[in-house]
There are 2 protein chains.
Amino acid sequence: MTSAPNYDIFQAIADPTRRKILRLLSNHEEMNLTRICKHFPISRPAVSKHLRILIDVGLVKEKKVGRETRYWFEPEPLLELKQWLSFYEQFWENKITMLKRYVEDEEINEMNISISKHNDKDKEWLS
Amino acid sequence: MTSAPNYDIFQAIADPTRRKILRLLSNHEEMNLTRICKHFPISRPAVSKHLRILIDVGLVKEKKVGRETRYWFEPEPLLELKQWLSFYEQFWENKITMLKRYVEDEEINEMNISISKHNDKDKEWLS
DNA sequence: ACAAAGAGAAACCTTTCTGTTTCATATTAA
DNA sequence: TTAATATGAAACAGAAAGGTTTCTCTTTGT
């Protein structure tokens, strides 16, 4: 229900503790806070906050069951990461493609130089 | 030459500016700082620091050419990310597998409970 | 009815990020 | 040799991250 922070997937998986939580949850249908905490040397509220962030980006879902809260892993948001990564697959998969880009770049470089003199606002920003 | 910080891939790509730099470099054989800066609304030293972090994790390489420094993209470290992601592919690729894990989890849960009573130190920590 | 268990919220503290401005240094063009 | 260009380094500042302790609230077991 807290909405302010607004993390993204990249930030969410940047922390090793959160990655560990994901791995843990992905191997257990669902777990409550106390059980998750058994796997970490940090305090319960600390783990709770990490979970909150993971929930924020949709990687974890929660539901109340009596006095406890059950958490489970939701893989779907990782597709965004996969998609981001897929762009770079061309670079390992075939060096030919990479080489091709490099050759084309010669022309692109020239274009940028001439364009930027008159239009220095190709500062797309973001992504 | 600065070695202290020691970032990892996950942190390196967590920042949107750094992701943008990667995209930029991957489309240009090599670029110097000034040219890279044209694409961002932040100061040169700020961009320089981002580059330093990317270099730290091996995603960017640099070389001095006269008075300027040329930077280029190095895709190899992204394989670690790909590998990390590959673990989770089972969850989207076939829901049957996911369902299978969930069913097996019933037993796993029981095991954990009985084991944790006597051996509460399955706190692997990390990864 | 009450103590114990399971969690979330709040307040607070440190360290790390991200960015800035200013200064210094090495090349290069006139 | 001098001014301009390209960058790195240092010192600083504000905000965000990650953690802690304490308090409160709800649910459950006796």
OP1 or OP2 of [N] under 4.0 Å from side-chain N/O of [X]:
| X | N | value |
| --- | --- | --- |
| A:Y71 | C:dG8 | yes |
| A:S48 | C:dG8 | yes |
| B:Q11 | C:dC17 | yes |
| B:T69 | D:dG8 | yes |
| B:H50 | C:dC17 | no |
| B:T34 | D:dT7 | yes |
| A:Y7 | D:dA17 | yes |

Find the distance [X]:[atom1] to [N]:[atom2] and express it as a whole number of Å.
| X | N | atom1 | atom2 | value |
| --- | --- | --- | --- | --- |
| B:R19 | C:dC17 | CZ | C1' | 15 Å |
| B:I53 | D:dG8 | CD1 | P | 14 Å |
| A:R70 | D:dT27 | CZ | C1' | 13 Å |
| A:R35 | C:dA7 | CZ | P | 11 Å |
| A:N32 | C:dG8 | CG | P | 10 Å |
| B:D56 | C:dT16 | CG | C1' | 14 Å |
| A:L51 | C:dA7 | CG | P | 10 Å |
| B:K38 | D:dA6 | NZ | C1' | 12 Å |

### Query
Which part of the nucleic acid, if any, lies within reach of A:R18 when heavy atoms closer than 4.0 Å are counted: base, sugar-phosphate only, or nothing?
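It contacts sugar-phosphate atoms only.
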### Task
Identify whether NZ of Lys or CZ of Arg in B:K20 sits under 6.0 Å from the centre of the six-membered ring of B:F40 and within 45° of that ring's axis.
yes
### Query
Which residues satisfy the side chain to side chain donor-acceptor pair (under 3.5 Å) test with A:K64, sequence neighbours excluded?
none
### Under the side chain to side chain donor-acceptor pair (under 3.5 Å) test, residues paired with A:E68 that sit two or more places apart
A:N32, A:R70
### Summary
5' to 3', nucleotides 20-30 of chain C under a 4.0 Å protein heavy-atom cut-off (B base, S sugar-phosphate only, - none) gives BB-----BS--
### Geometric class of the B:F73/A:Y88 ring pair [parallel <30°, tilted 30-60°, perpendicular >60°]
tilted
### Task
Could you tell me which residues satisfy side-chain contact (heavy atoms from CB on, under 4.5 Å) with A:L79, sequence neighbours excluded, listed by chain and number?
A:E76, A:K82, B:W92
### Query
Of all residues at least two apart in sequence or in a different chain, which pass the side-chain contact (heavy atoms from CB on, under 4.5 Å) check with A:S43?
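Result, side-chain contact (heavy atoms from CB on, under 4.5 Å) vs A:S43: A:P45, A:A46.
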### Task
Evaluate the side-chain proximity of B:L33 to B:T69: yes if any heavy-atom separation is below 4.5 Å, no if none is.
no
### Message
Let's see if you can work this out: which of D:dG18, D:dT7, C:dG8 has an atom nearest to the side-chain heavy atoms of A:L33?
### Response
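In terms of side-chain proximity for A:L33, the closest of D:dG18, D:dT7, C:dG8 is C:dG8.
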